[in-house]
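As the structure is a prediction and not an experimental result, all values here were calculated from the model. Each residue takes its place number in the sequence, starting with 1.
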Amino acid sequence: EEVPIENIPISGGRQTTFNSIDEGLTPPPTSLAPSYVQHRRGTKHNSGQMELSNNNNNEGPLPAITNRTLTYTQSLPPPGPPPGPPPGPPSITRNTSHKVIFPLFILLNLIVLADRAIIPGASSQFAAFIGSAYDTPEYIKQKPDLGIGMLQSSFIGGYGIAIVFAAHFVHRMKWKKMVVCGVTVWILAVFLCGMARIANSFFLLLFARVLTGVAEASYQVIVPPMIQDRGGGRAGLWLSFYLSAIPMGLASGYIYGSILASSDRFGWEWAYFVECLFALPLLYGFYKIRDDENEGILSLKAPPLPPLSIEEAEEERRQQDNNDTVTLDDDILSTSGNSLPPVEPNTKTKSKSNGDLDSLWAEIRICLRSKILLMLIMANAAFISVITVMGTFGGSFIIALQLFTSEQKAAITFGVSAALAGMIGTPLGGQYMDSVLLRKNACGSSAEQLVAIIPRVNLGIFLGFVLCLPTVIVTNAALFLFFLSSAWMVLFMTTSAMTLCIMNSVDRAYRPNALGFSTLM
């Protein structure tokens with residue numbers, strides 16, 4: 001039953017078979033040769049047949065076609081390459097390497113820690129500002145050191161409270177968004193610190209210091225867990241580089257603030273303005289980071305589970321019926337009868353207790369239940385208090401001991417000693433921790449890491465304490481700095497190990513909460 005169809009020859013054309021009935025294709029497109037479209041036009045019916053009609057109304061409708069093919073003439077494009085640019089290779093989205101992310105965080109931490117030491121490095125200039133500001137209360141004007149202590153404690157207060165909330169939001173917000181927003185607010189807060197000198201306002205400086213602490217908390221709970229997860233066998237070394245910003249930043253900020261505050265041409269406000277300029281390239285670097293791991297969220301409430309097969313889903317259903325201990329997703333349990341529907345590829349199980357972990361108080365309770373974490377917090381609090389006091393009043397102590405004649409010389413010498421101790425001690429401690437974990441084969445289990453690290457942390461703190469004792473009796477400046485720097489170097493060797501122990505004292509999903517809670521306490 002083949003019905004022949006006349007084809008009008010077209011120059012440069014070719015014969016093409018058009019499977020219109022079996023393959024469900026549409027009739028020949030209107031882009032074919034105009035002569036063909038004027039001569040024959042096909043219309044597909046719901047019955048699957050093709051009716052041909054002549055545009056010249058003189059002829060009646062052609063008989064229905066039951067053949068499977070329709071031959072038509074199509075004009076070919078001119079020879080040569082197709083118009084437009086050639087298609088390139090498919091684009092592949094790749095995450096930014098940790099070798100780029102980690103240095104950005106290290107530089108950011110260095111600048112942020114330097115900002116903390118500007119006030120201690122120029123304590124006399126800030127005391128004069130506090131005494132001359134128009135809105136300083138009278139009782140603070142009479143005791144400028146009290147005002148300096150308020151500025152430092154306000155920063156710590158804002159930082160300590162905000163870091164607990166930052167640890168809570170890290171479970172549900174993309175870490176890149178948190179860091180970019182935090183760095184932006186930090187730049188604004190530092191700029192306000194410099195503007196406080198121009199406005200001669202003590203309370204503006206006080207507010208800016210609180211805002212600086214709040215902004216800094218946005219990334220401090222992100223970096224250590226990220227380094228632990230992505231640092232591999234060099235996680236301890238990367239963590240030590242990051243934590244070495246504590247002594248290096250404090251020391252450089254101490255010197256940096258002292259020099260600019262004592263300058264006749266500049267003032268301490270320029271120390272903050274220059275910091276803003278240094279932080280802007282880092283803000284751009286964080287903005288350009290691409291990281292889609294875990295959909296950009298650093299810490300998930302529970303690790304994602306693999307898809308369930310039908311047999312596994314049935315087994316889960318039987319366990320639920322027997323023990324009532326396993327709960328499947330609603331789309332799995334919404335069945336009629338005893339049979340399960342087909343399991344979708346993304347179907348996962350979830351625990352009943354996950355709903356209790358969404359509140360901030362539930363996360364704090366989890367930290368309070370860890371006795372190891374509470375003991376580590378008390379030890380870390382003693383360590384941080386010594387470092388903070390020495391970083392704030394170390395120059396004043398040296399001047400009171402009459403080891404140096406000027407405050408600027410004392411600040412520079414003290415800062416260089418602390419920086420050298422941190423630069424040497426912190427990386428050595430991180431490298432030593434990596435070697436211990438590798439030798440003990442304890443790179444996976446948190447309990448094994450705690451057993452391997454905690455005794456060595458105790459030994460390091462004890463040696464640092466012993467080396468500090470001679471500083472209370474020596475009167476020579478060189479001996480004083482030698483024993484103080486040696487003690488600091490040994491103490492800084494324990495910082496990365498202490499941070500790792502804090503993270504290992506809770507479940508991996510709650511490492512940011514442990515860091516935030518330890519900072520608050």
Side-chain angles (χ1 to χ4, degrees), residues 95 98 101-102 105 162-179 182 217-232 235-236 238-239 242 291-308 325-329 346-377 380 437 442-451 453-454 496-521:
N95 292 336
H98 70 278
I101 299 176
F102 292 171
F105 277 121
I163 199 171
V164 177
F165 290 93
H168 175 67
F169 288 116
V170 79
H171 298 293
R172 57 197 67 198
M173 290 182 61
K174 293 184 177 181
W175 69 264
K176 175 186 171 180
K177 183 183 296 184
M178 290 183 61
V179 172
S218 63
Y219 75 92
Q220 292 287 3
V221 295
I222 294 175
V223 185
M226 181 183 292
I227 292 177
Q228 187 182 20
D229 290 341
R230 306 184 187 184
W238 278 113
L239 186 60
Y242 174 75
D291 187 81
D292 297 328
E293 187 173 341
N294 292 333
E295 298 182 355
I297 299 177
L298 175 68
S299 180
L300 299 177
K301 284 296 182 184
L305 297 177
L308 292 178
T325 57
V326 177
T327 303
L328 298 180
D329 288 339
N346 293 329
T347 302
K348 300 178 179 64
T349 59
K350 61 182 180 179
S351 172
K352 271 188 177 183
S353 61
N354 279 356
D356 300 333
L357 305 180
D358 294 333
S359 67
L360 176 64
W361 301 113
E363 295 168 351
I364 294 178
R365 287 197 300 269
I366 289 175
C367 295
L368 289 175
R369 292 193 188 107
S370 176
K371 297 180 180 180
I372 297 177
L373 176 61
L374 295 179
M375 299 299 292
L376 290 172
I377 286 175
N380 197 41
L437 294 178
C443 296
S445 172
S446 297
E448 292 176 353
Q449 292 185 16
L450 289 173
V451 171
I453 294 175
I454 287 181
S496 54
M498 183 78 73
T499 303
L500 184 62
C501 290
I502 290 175
M503 291 191 292
N504 285 332
S505 62
V506 295
D507 187 80
R508 292 181 65 87
Y510 298 96
R511 292 172 297 173
N513 302 103
L515 292 171
F517 187 69
S518 64
T519 302
L520 175 64
M521 299 304 292

Rounded to the nearest 0.5 Å, what separates atom [atom1] in [X] from atom [atom2] in [Y]?
X: S518; Y: L373; atom1: OG; atom2: CG; value: 6.5 Å
X: L515; Y: Y510; atom1: CG; atom2: OH; value: 15.0 Å
X: I502; Y: I372; atom1: CD1; atom2: CD1; value: 12.0 Å
X: L376; Y: S370; atom1: CG; atom2: OG; value: 8.0 Å
X: S505; Y: K371; atom1: OG; atom2: NZ; value: 14.0 Å
X: N504; Y: Q449; atom1: CG; atom2: CD; value: 4.5 Å

Please test L437 against I453 for side chain to side chain contact (heavy atoms under 4.5 Å, CB included), starting from the C-alpha separation and ending with a verdict. CA-CA 8 Å; L437 294 178; I453 294 175; 3.9 Å; yes

What pairs with N380 under side-chain hydrogen bond (donor to acceptor under 3.5 Å, both in side chains), at least two apart in sequence or on another chain?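 Checked N380 against side-chain hydrogen bond (donor to acceptor under 3.5 Å, both in side chains); zero matches.
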
Shortest non-hydrogen contact from [X] toward [Y]:
X: S218; Y: A166; answer: CA-CB, 4.3 Å
X: R511; Y: M503; answer: CG-O, 3.3 Å
X: F102; Y: I227; answer: CZ-CA, 3.7 Å

Quick one, [X] and [Y] - any side-chain contact, counting heavy atoms below 4.5 Å?
X: D291; Y: R230; value: yes
X: M226; Y: W175; value: yes
X: N513; Y: H171; value: yes
X: P512; Y: I222; value: no
X: E363; Y: V164; value: no
X: F517; Y: I163; value: no

Taking the basic N atoms (NZ, or NE/NH1/NH2) and the acidic carboxylate oxygens, is any pair closer than 4.0 Å for R508 and D229?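 Result for this pair is yes, salt bridge flagged.
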
Any chance you could lay out the side chain to side chain contact (heavy atoms under 4.5 Å, CB included) test for R369 and I366, step after step, and finish with the verdict? CA-CA 5 Å; R369 292 193 188 107; I366 289 175; 3.9 Å; yes

